[in-house]
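Below is one structure, written out as structure tokens; the observations come after it.
Every heavy atom of this structure was used, including side-chain atoms; hydrogens, water molecules and symmetry mates were not. Note that ligands are numbered from 1 as they come in the structure, with each ligand's atoms numbered from 1 the same way.
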Amino acid sequence: MNPCFPGGRPGCWSFALSTQRTIMNDHRRLGRELGIFDTDPLIGSGLPYWLPAGAAVRKAIEDYVHELERRNGYQHVNSPVLGKRELYEMSGHWAHYSADMFPPMNVGGEEFVLRPSLCPHHALIYRSRGRSHRELPLRVAELGGMYRSEPSGVLGGLTRVRSIQLNDGHVFCAPEQAAAEVSAALDLIETAHAQLGIEAARYRLSLRGEGDKFVDDPGMWARSEAVLREVLKERGRAYDEERGEGAFYGPKIDIQIADPAGRESTLSTVQVDLYQPERFDLRYAGGHRPAMVHRSIVGGIERLVAHLIEVHGGAFPTWMAPVQAVVLPLSDEQSAAAGDLLRRCLDAGLRAELAPAGRGSLGARIRAHRLVPYQLVVGPREAASGEAAVRLRDGSQAGAVPVERLAAGARPSY
Ligand SMILES: [Zn+2]
């Protein structure tokens, strides 16, 4: 029971309302109701699986980010989700980060670990051949799995998981190019957030803290920090500084989001790393050492989708809606025309489905599909003309709209 009800202190109503909104849009409840994801104790906690609606949302986001990166000079790669223990000893993860890693698996006398990040694989891809100055900045991106041995007590829904699909990318560049690359990554983050309907709670400059969680090289930290401060100053963006929130290898600009209860987490990040290039002895022509800019535009897909469910209450922007169009014949007499319209929607690239007349009154079928952006009603007139009367989910009527125009309106912009 909410102690605020009934009566109670001043301000109780707003507290009660915001609590109610929190509960209503809790991504764990909505995620199951909308068929986004679920979990099973036999798979294990912190290891959710994606149901068809969730897989559709996720694919739309992945395609969008992939295309945004492609248009901005990234080359995509794919690398395995595990590597030998020696790889993580070289990267520094073993010394500074092993508490968050899964224990090694012994296979034929060799030790393998599930990767805690994608950086080491990308560093190896960089050094797989000689690099000239002209190739820099070399922007490498991958949507790949990474793993964290989170204790089971803290796991829940999509926000704290043990298996993460990370939108990751690393820019290998000359040190004097790093500031421009950090700024370009922030541009991409801001573009993506606008497209996803996300508002940052705040920007955080995450710095080194005390202890052996951080590489002990004050000069290196000062140089990386100077790059991030320069970019933040140039962009005129307000930010907070926090010690102890940096990566073990360098400082970060973290873009924080907040859930409806005000709990904060990091979604997007840009980091300057002068440590791993040294550990992996990365070079470009002339023996020069590149800098490594780590960046994630939308973070881990799990945390992103959890946030999107809560922000949009399940009414996702059209381009990422699990079902973008539902075809609603008024009666069985329009079922052939409805089937034809469904076919044209699918061919035009829309995620569309049919709600046949047999499933209830038009009103009941519209209510059941109230989150679908395009509700295409087919009556006798529309059946004859081959079009549909388009109803939007806010209840407004858009009239007869050709399928191609609907499809064009259901694409993200870059
Ligand atoms: Zn990285």
Side-chain angles (χ1 to χ4, degrees), residues 65-66 69 72-83 87-98 100-101 113-128 136-148 163-173 175 177-178 181-182 184-186 188-189 192 204-208 213-215 220-221 223-225 227-228 231 245-255 266-282 289-304:
V65 174
H66 191 280
E69 289 170 339
N72 286 278
Y74 282 86
Q75 304 180 48
H76 289 93
V77 297
N78 294 109
S79 55
V81 298
L82 71 178
L87 175 62
Y88 301 99
E89 287 172 349
M90 184 176 279
S91 67
H93 284 84
W94 201 260
H96 302 283
Y97 199 74
S98 54
D100 292 303
M101 291 164 65
V113 281
L114 285 168
R115 65 178 170 192
S117 77
L118 280 66
C119 340
H121 284 84
H122 289 187
L124 294 184
I125 289 170
Y126 175 87
R127 75 170 200 187
S128 61
L136 306 187
L138 185 77
R139 304 183 185 98
V140 175
E142 177 173 1
L143 185 96
M146 57 177 255
Y147 301 86
R148 298 242 159 109
S163 163
I164 299 162
Q165 280 297 312
L166 184 69
N167 155 241
D168 206 3
H170 296 93
V171 182
F172 300 90
C173 61
Q177 296 171 324
E181 289 302 315
V182 169
L186 288 172
L188 290 188
I189 289 168
R204 184 178 78 184
L205 179 60
S206 302
L207 304 168
R208 178 191 182 185
K213 266 174 72 188
F214 302 94
V215 169
M220 181 197 82
W221 281 89
R223 287 196 313 263
S224 330
E225 247 179 72
V227 174
L228 296 184
V231 174
E245 293 292 341
F248 74 81
Y249 46 76
K252 315 188 280 174
I253 296 172
D254 290 326
I255 288 96
T266 300
L267 187 70
S268 314
T269 183
V270 188
Q271 316 169 0
V272 171
D273 176 8
L274 304 174
Y275 179 71
Q276 292 190 67
E278 207 175 294
R279 299 285 293 180
F280 284 99
D281 194 23
L282 305 184
R289 182 88 68 208
M292 205 169 158
V293 174
H294 306 235
R295 43 100 287 185
S296 180
I297 299 174
V298 297
I301 297 294
E302 291 79 7
R303 181 174 289 175
L304 170 66

### Query
Are Arg208 and Tyr275 in a cation-pi contact, defined as NZ or CZ under 6.0 Å from the six-membered ring centre and within 45° of the axis?
no
### Query
Is His122 close enough that one of its N/O/S atoms sits under 2.8 Å from the Zn ion (ligand 1)?
no
### Query
Any chance the side chains of Thr269 and Asp254 put a donor and an acceptor closer than 3.5 Å?
yes
### Message
Could you tell me if the side chain of Tyr126 sits less than 4.5 Å from the side chain of Val140, heavy atoms only?
### Response
no
#### Entry: Ring geometry between His122 and His170 (parallel below 30°, tilted from 30 to 60°, perpendicular above 60°)
perpendicular
#### Entry: the Zn ion (ligand 1) to His294: nearest N/O/S atom name
ND1
### Query
Which angle, to the nearest 10 degrees, do you find at the Zn ion (ligand 1) between NE2 in His170 and SG in Cys119?
110°
